[in-house]
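Down below is the structure, laid out as structure tokens.
No experiment lies behind these values; they were computed from the predicted model shown. When a ligand or atom number is given, it counts from 1 through the structure's own listing order.
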Amino acid sequence: MEHIVIIGNGISGVTAARHIRKLSDKNITIISAESDYFFSRTALMYVYLGHMKFEHTQPYENWFWEKNRINLKKGFVKSIETKNKTLHFVDGNHLQYDKLIIATGSKPNKFGWPGQDLKGVQGLYHKQDLDNLEIYAPNNKVCKRAVIVGGGLIGIELAEMLNSRKIPVTFLVRESSFWNGVLPEGESEMINRHIKNHHIDLRLGVNLKENISDKNGKVKSVIVAETGETIDCDLVGLTAGVSPNINFIKSSDINTNRGVLVNRFLETNIKDVYAIGDCAEQKEAIGQRRPIEAVWYTGRMMGETVAQTICGNKMEYNPGHWFNSAKFLDIEYQTYGWVFSKPRENEAHFHWKHEDDTKCITICYDTNTNQFLGINTFGIRMRHEVFDRWLTEKQDVDYVINNLSEANFDPEFYKRFEKDIQILYRNQLQTAQI
Ligand SMILES: Cc1cc2nc3c(=O)[nH]c(=O)nc-3n(C[C@H](O)[C@H](O)[C@H](O)COP(=O)(O)OP(=O)(O)OC[C@H]3O[C@@H](n4cnc5c(N)ncnc54)[C@H](O)[C@@H]3O)c2cc1C
């Protein structure tokens, strides 16, 4: 029986295993160095917030794996020998495969800051990071202040977590406005104000210079590069992005760049070796998508796709229209299609913001054809399937504005804003035409 070995028990590796089992009788092994069972990484924050126990982040009961004949192996793969199809583990063990799926996810970026490996300096990615948070920041007696370095989706989650335990937070963000490499100006500025309203000490346009150690090798302060200021703290959260967790692959003959390079079939340069999820890098980007996409649903889609190929139904990875969602403290964010931080050539943005400063939308459209290209919504929940359909149908922006209530999750609630948005849109359009 063919042996399929998957390195990584995250969403992409586990989805691949489940679908291979649905489609075949192959022998399947999943390897992880992190946890005994698959858990939802996106739910880690809710454990610290006290909304759920860690066990509740595990989507499958522990008996699921044996019942479905999926072998789980705990261990850290040190190297891959593709010539004889062998994995080597740090503990000296090895394992043969017939086909290998690399699904090793990401790791938090560290940019060589002095003191980046001190106790109390950590990312928020692995289960061990959650355990360390409970050691270094269980409450505001042990942790009198935390400093978070890097403003993105994980940084804001960590700020919310620490804030929930009343730990004062200083947030060092390199950009001049929060996440403004991704968000248009109006949205990014609204989020700046929202963060500050939560009494988080947001510092824009600054970088970490170094982490200073106490006599026990634990962080006691940081120094801000631009100002030289020393900020006393008991925890430093490094959340300046993530990158593919593939150092151990560099010594093999599998081609890598930032991630493991794959074609549209998720195949690497080596026969019978595939890569999926956060660690995979498309050799040629798909449409306007980034070659590496560190999001949950693309990992799941890649897992499903590679399972088809491995089971004899060769399939291209086709992620469809881009979408994503996240939360900035109390404000939910969704995006469908493409809304770049600044309109590109022949694009324009229509932006509406509610006077309470917690709800806004930005719609991007083509100025030549009026085609709707994408929408960002904050504080208003939209229906994925409606925007997905409108993008496929290439609807124009007037149609989208006039039918926004169809896309809204709660049309009754939404009625209050719809008119407002339509009036602003007409006013702006008329001004533009004059
Ligand atoms: C705090 C947080 C919040 C997030 N929130 C969202 C969200 O709201 N929406 C969203 O779309 N995405 C979110 N993400 C991103 C999302 O979680 C990832 O895109 C997804 O988990 C990646 O899945 P994966 O299967 O590719 O890899 P992973 O989940 O990283 O799994 C890879 C596994 O492989 C193991 N591994 C790596 N190397 C080895 C080795 N050499 N030997 C053995 N095992 C190894 C790792 O330890 C890990 O267990 C969030 C991420 C974090 C950290």
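- Both cation-pi conditions hold for Arg165 and Tyr48: the charged atom is under 6.0 angstrom from the six-membered ring centre and inside a 45 degree cone around its axis.
- Rounding to the nearest 0.5 angstrom, the gap separating the CZ atom in Phe378 from the NZ atom in Lys327 is 13.5 Å.
- The closest protein non-hydrogen atom to atom 19 (O) of ligand 1 is Asp278 OD1, 2.7 Å.
- The local environment of CZ in Arg193 is crowded, with over 12 non-hydrogen atoms from other residues, nucleotides or ligands closer than 6.0 Å.
- Remark: ligand 1 atoms within the under-4.0 Å shell around heavy atoms of Glu157 are 1 (C), 2 (C), 3 (C), 5 (N).
- Ligand 1 is never approached by Met45 to a heavy-atom distance shorter than 4.0 Å.
- In summary, the atoms of ligand 1 found under 4.0 Å from a heavy atom of Val77, numbered by their order in the structure, are 40 (C), 41 (N), 42 (N), 43 (C).
- Ser243 and Asn109 share a side-chain donor-acceptor pair at under 3.5 Å.
- The heavy atom nearest to atom 34 (O) of ligand 1, out of those in Ala33, Ala275, Gly8, is found in Gly8.
- In this structure, Lys209 places its NZ atom where only 12 or fewer heavy-atom neighbours from other residues, nucleotides or ligands lie under 6.0 Å away.
- What you find for Val169 and Ala159 is that their closest heavy atoms are CG2-O, 4.3 Å.
- Heavy-atom proximity to Ile154, at under 4.0 Å, picks out these atoms of ligand 1: 52 (C), 53 (C).
- Under a 3.5 Å cut-off, the side chain of Glu281 and the backbone N or O of Arg258 do form a donor-acceptor pair.
- At least one heavy atom of Asn9 lies less than 4.0 angstrom from ligand 1.
- Nearest to atom 40 (C) of ligand 1 by heavy-atom distance, out of Phe89, Tyr297, Phe76, is Phe76.
- Annotation: His354 is in aromatic contact with Phe417 [ring centroid separation under 6.0 Å].
- Of the listed options Phe39, Tyr333, Trp296, Trp296 places a heavy atom closest to atom 11 (O) of ligand 1.
- In terms of N/O distances under 3.5 Å, ligand 1 is not approached by Phe248.
- With ligand atoms numbered from 1 in the order given, ligand 1 contributes 25 (O), 29 (O), 31 (O) to contacts under 4.0 Å with heavy atoms of Gly10.
- For atom 6 (C) of ligand 1, the closest heavy atom belonging to the protein is Thr42 CG2, 3.2 Å.
- Residue contacts with ligand 1 for Ala103 involve N, CA, C or O but no side-chain atom from C-beta outward (heavy atoms, distance under 4.0 Å).
- Under a 3.5 Å cut-off, the side chain of Glu316 and the backbone N or O of Arg264 do not form any donor-acceptor pair.
- Aromatic ring orientation, Tyr60 versus Trp65: perpendicular (interplanar angle above 60°, classes split at 30° and 60°).
- Counting atoms of ligand 1 from 1 in the listed order, those under 4.0 Å from a heavy atom of Glu34 are 46 (C), 47 (O), 48 (C), 49 (O).
- Residue Ala294 places a heavy atom under 4.0 Å from ligand 1.
- The Gly277 neighbourhood of ligand 1 comprises atoms 26 (O), with distances under 4.0 Å to a heavy atom of that residue.
- Nearest non-hydrogen protein atom to atom 27 (O) of ligand 1 is Gly105 CA, 3.1 Å.
- Ligand 1 lies nowhere less than 4.0 angstrom from a heavy atom belonging to Gly303.
- Taking the ring centroids of Trp352 and Phe350, they lie at or beyond the 6.0 Å cut-off.
- Judged by the 6.0 Å distance and 45° axis criteria, Lys314 is positioned over the aromatic ring of Phe265.
- Using 4.0 Å as the threshold, Ser32 has a heavy atom nearer than that to some atom of ligand 1.
- Remark: among candidates Gly75, Ser35, Ala16, Ser12, the nearest residue to atom 43 (C) of ligand 1 is Gly75, based on non-hydrogen atoms.
- Looking from atom 23 (O) of ligand 1 to the surrounding protein, the closest heavy atom is Ile11 CG2, 3.4 Å.
- Annotation for ligand 1: atoms under 4.0 Å from non-hydrogen atoms of Asn245 are 37 (C), 38 (N).
- No cation-pi contact links Lys127 to Phe39, judged by a cut-off of 6.0 Å to the six-membered ring centre and 45° from its axis.
- Between Ile276, Thr239, Ile30, Thr104, it is Thr104 that holds the heavy atom closest to atom 39 (C) of ligand 1.
- No more than 12 heavy-atom neighbours from other residues, nucleotides or ligands sit within 6.0 angstrom of CD on Glu284.
- For ligand 1 and Val295, the ligand atoms under 4.0 Å from any heavy atom of the residue are 11 (O), 12 (N), 19 (O).
- Of the inter-residue distances, the one linking Lys85 atom NZ with Asp272 atom CG reads 3.5 Å to the nearest 0.5 angstrom.
- Among Arg41, Lys107, Gln128, Met302, the residue whose heavy atom sits closest to atom 17 (O) of ligand 1 is Arg41.
- The shortest N or O to N or O distance between Tyr125 and ligand 1 is below 3.5 Å.
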